[in-house]
Protein chains: 2
Amino acid sequence: MNAIFKALNDPTRRAILERLRAGPATAGAIAEQFQFSAPTISHHLDLLRQADLVTSQKQGQFVVYTLNMTVFDELLGWLYQFKF
Amino acid sequence: MNAIFKALNDPTRRAILERLRAGPATAGAIAEQFQFSAPTISHHLDLLRQADLVTSQKQGQFVVYTLNMTVFDELLGWLYQFKF
DNA sequence: TCAATGTTTAGGAAAATATCTAAATTTAGA
DNA sequence: TCTAAATTTAGATATTTTCCTAAACATTGA
């Protein structure tokens, strides 16, 4: 839970998640959309992966990142305790 | 949105929210449940209030904090974009 | 009015975070 | 095999965050 909220507590990382809604993308393609350096984006992706919000698969020299929806269920479960 | 995720990115603050599920409580009553000093808890409550996750009313020398559920809807809305 | 109680504000120290550049690693392809 | 491209790792710095103690503020009630 800690890792999830930590990962979500950054506008760039949330924007990356929103980008991945459109489908998987390579680290480079993701980095292009932001003004930050590739290492900075790589670090953000690492935090998202630590929270299991994304998965990554190496494809040749590329690394493809994919949104992992299952973690959102855990988050929704936490939030719903406040609704009822 | 930023303020909400910032407020939720701390285990003590999340515990405070869970405490308030049981009903409103004074700053002092909340502080008693944790090992931290009163000023520290006061600061956490301030961040929760900035995110509008709680409201506060002064009642005499006490300040009563109440969970504000309406913000959770905003959060749920953000999360649901990933589900569909 | 004065002392006690509840809470917040101020100021500061230690730890965590976000960012950068430079360097290392891995793979593709000439 | 060598070079170029994609990505990550390492190391450094600036900012933010969390926590503390001391002080200030506000309210109650003797």
Side-chain angles (χ1 to χ4, degrees), chain A residues 1-20 22-68 71 75 78, chain B residues 1-20 22-68 71 75 78:
Chain A
M1 217 51 171
N2 238 309
I4 298 175
F5 282 114
K6 175 176 176 172
L8 292 177
N9 184 32
D10 182 278
T12 300
R13 289 194 291 270
R14 293 197 299 275
I16 290 172
L17 291 178
E18 287 165 17
R19 160 68 182 82
L20 291 178
T26 64
I30 294 167
E32 272 176 12
Q33 305 195 327
F34 300 94
Q35 306 148 311
F36 301 119
S37 67
T40 293
I41 298 298
S42 180
H43 177 239
H44 283 312
L45 288 168
D46 187 39
L47 288 176
L48 289 170
R49 197 173 31 204
Q50 281 177 40
D52 211 26
L53 285 159
V54 304
T55 58
S56 65
Q57 308 93 38
K58 187 147 199 179
Q59 288 188 6
Q61 58 195 150
F62 300 91
V63 177
V64 178
Y65 284 84
T66 307
L67 195 58
N68 175 28
V71 181
L75 236 181
W78 186 83
Chain B
M1 216 52 171
N2 238 309
I4 297 175
F5 282 114
K6 176 176 175 172
L8 292 177
N9 184 31
D10 182 277
T12 301
R13 289 194 290 272
R14 291 197 300 274
I16 290 172
L17 291 177
E18 287 166 17
R19 160 68 182 83
L20 291 176
T26 64
I30 294 167
E32 273 177 10
Q33 305 194 327
F34 299 93
Q35 306 149 310
F36 301 118
S37 68
T40 292
I41 298 298
S42 180
H43 178 240
H44 282 311
L45 288 167
D46 186 39
L47 288 177
L48 289 170
R49 195 173 32 206
Q50 281 177 39
D52 211 24
L53 286 159
V54 305
T55 58
S56 64
Q57 308 94 34
K58 186 146 199 181
Q59 288 188 5
Q61 59 194 148
F62 300 90
V63 177
V64 176
Y65 284 85
T66 307
L67 195 58
N68 175 28
V71 183
L75 237 181
W78 187 83

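Throughout, a chain's letter reflects where its sequence line sits, starting with A, and its residues are numbered from 1.
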task: Please report, rounded to the nearest Å, how far the P atom of D/dT18 is from the CG atom of B/Leu8.
output: 12 Å

- request: Look at the side chain of A/Gln61 and the base of C/dT26, then say whether one donor and one acceptor between them are separated by less than 3.5 Å.
  value: no

field: C/dG6 OP1/OP2 closer than 4.0 Å to side-chain N/O of B/Lys58
entry: no

query: Choosing from C/dA22, C/dT9, D/dT18, which nucleotide comes nearest the side chain of B/His43?
result: D/dT18

- request: Assign B/Leu47 to base, sugar-phosphate, or nothing according to its heavy-atom contacts below 4.0 angstrom with the strands shown.
  value: sugar-phosphate

- prompt: Base, sugar-phosphate, or nothing: which does B/Thr12 touch, judged by heavy atoms less than 4.0 Å apart?
  reply: nothing

Point-to-point distance, once rounded to the nearest 0.5 Å, from CG of B/Leu20 to OH of B/Tyr65: 10.0 Å

- request: Take atom CG of A/Asp10 and atom P of C/dA16, then tell me their distance rounded to the nearest Å.
  value: 18 Å

- prompt: Do you know which two heavy atoms are closest between B/Ala25 and B/Arg19, and how far apart they sit?
  reply: CB-NH2, 3.3 Å

- request: Could you check whether B/His44 gets within reach of a base, just the sugar-phosphate, or nothing at all, counting any heavy atom under 4.0 Å?
  value: sugar-phosphate

- prompt: For B/Asp46, which contact category applies under a 4.0 Å heavy-atom criterion: base, sugar-phosphate, or nothing?
  reply: nothing

- request: Heavy atoms only: give me the nearest B/Ile4-B/Leu53 pair and the separation to one decimal.
  value: O-CD1, 4.4 Å

message: Taking B/Ile41's backbone N and O only, do any of them form a donor-acceptor pair with B/Arg13's side chain (distance below 3.5 Å, no angle check)?
response: no

task: Could you check which of C/dT9, D/dT8, D/dT7 has an atom nearest any side-chain atom of A/Ser42?
output: D/dT8

- line: To the nearest angstrom, the NZ-P distance between A/Lys6 and D/dT16 comes to 18 Å

message: It should be established whether A/Thr40 places a side-chain nitrogen or oxygen under 4.0 Å from OP1 or OP2 of nucleotide C/dT19.
response: no

- prompt: Have B/Thr55 and B/Arg49 got a donor and an acceptor in their side chains that come within less than 3.5 Å?
  reply: no

- prompt: Within this structure, what is the CD-to-C1' distance between A/Gln50 and D/dT8, rounded to whole angstrom?
  reply: 14 Å

message: Let me spell it out: for each of A/Gln59 and B/Asn9, pick the nucleotide of DNA chain C with the closest heavy atom. Which residue's pick is nearer the 5' end?
response: B/Asn9

- prompt: Does A/Tyr65 place a side-chain N or O at less than 4.0 Å from the phosphate oxygens OP1/OP2 of D/dT8?
  reply: yes

- prompt: Which whole-number value in Å describes the distance from A/Ile41 CD1 to C/dT21 C1'?
  reply: 16 Å

task: Send over the distance from A/Phe62 CZ to D/dA5 C1', rounded to a whole Å.
output: 8 Å

query: Whole-Å distance between C/dT5 P and B/Glu32 CD?
result: 14 Å

task: Check the distance between D/dT21's P and B/Gln35's CD and give it to me in whole angstrom.
output: 13 Å

- prompt: Closer than 4.0 Å, any side-chain N/O of B/Ser37 to the OP1 or OP2 of D/dC19?
  reply: no

